[in-house]
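One structure is given here, and the rest of the page talks about it.
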Amino acid sequence: MFHSYKTSGTCSVRIDLELRDDKVYNVKFYGGCPGNLSAIPILVQGMSVNEIEDKLKDVKCGMKNTSCAAQLAKAVRTAYDEEKGV
């Protein structure tokens, strides 16, 4: 199922992704640093929600309390929970 997540505290403003069972596909960031945000979708393609969350949830960007990667961790968890009705 397709999901769109509005980010908070980052240069990127939105993340779109597709969730099939607990696997993540077709991640697309809007805004932010082009190099990093074109690499992250390639690296997480086909990974599970738990894998992405475990690896990325605590990543910080400079002095910020979050990062685009950490926002992706939130996005995939939110999408998964929405689909499961949590």
Side-chain angles (χ1 to χ4, degrees):
M1 176 180 277
F2 173 82
H3 294 271
S4 188
Y5 181 83
K6 185 178 182 325
T7 60
S8 176
T10 59
C11 297
S12 66
V13 294
R14 187 177 95 212
I15 303 169
D16 290 345
L17 62 97
E18 186 180 345
L19 191 61
R20 294 185 220 146
D21 296 317
D22 75 331
K23 304 289 186 201
V24 176
Y25 301 93
N26 303 314
V27 173
K28 180 163 174 64
F29 287 86
Y30 294 87
C33 305
N36 290 334
L37 300 183
S38 60
I40 292 172
I42 294 167
L43 295 171
V44 302
Q45 180 80 359
M47 287 177 66
S48 73
V49 170
N50 286 339
E51 288 174 308
I52 293 170
E53 192 173 43
D54 289 345
K55 291 180 185 218
L56 301 179
K57 69 181 176 184
D58 295 322
V59 174
K60 307 288 186 257
C61 182
M63 298 299 290
K64 297 177 183 178
N65 290 328
T66 191
S67 67
C68 293
Q71 289 294 295
L72 176 60
K74 288 184 177 187
V76 299
R77 175 54 61 192
T78 299
Y80 183 80
D81 288 351
E82 284 175 1
E83 285 193 12
K84 298 300 178 193
V86 175

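In this chain, numbering begins with 1 at the start of the sequence shown.
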For the pair [X] (side chain) and [Y] (backbone), establish whether a donor and an acceptor sit closer than 3.5 Å, ignoring hydrogens and angles.
X: Q45; Y: N26; value: yes
X: T10; Y: C68; value: no
X: T7; Y: V13; value: yes

- Query: V59 and V44: same hydrophobic cluster, using ILVMFWY side-chain contacts below 4.5 Å?
  - Reply: yes
Nearest-0.5 Å distance that lies between atom [atom1] in [X] and atom [atom2] in [Y]:
X: K57; Y: S67; atom1: NZ; atom2: OG; answer: 13.0 Å
X: K28; Y: S4; atom1: NZ; atom2: OG; answer: 11.5 Å
X: Q71; Y: Y5; atom1: CD; atom2: OH; answer: 5.0 Å
X: D21; Y: E83; atom1: CG; atom2: CD; answer: 8.5 Å
X: C61; Y: N36; atom1: SG; atom2: CG; answer: 8.0 Å
X: L37; Y: I42; atom1: CG; atom2: CD1; answer: 11.5 Å

Closest contact, heavy atoms only, [X] versus [Y]:
X: T66; Y: G9; result: CG2-O, 3.6 Å
X: N50; Y: R77; result: OD1-NH2, 2.6 Å
X: S38; Y: G35; result: OG-O, 3.1 Å

Any side-chain heavy-atom pair of [X] and [Y] under 4.5 Å:
X: L19; Y: Y80; result: yes
X: E82; Y: M1; result: no
X: H3; Y: L17; result: yes
X: I15; Y: V27; result: yes
X: K23; Y: S48; result: yes

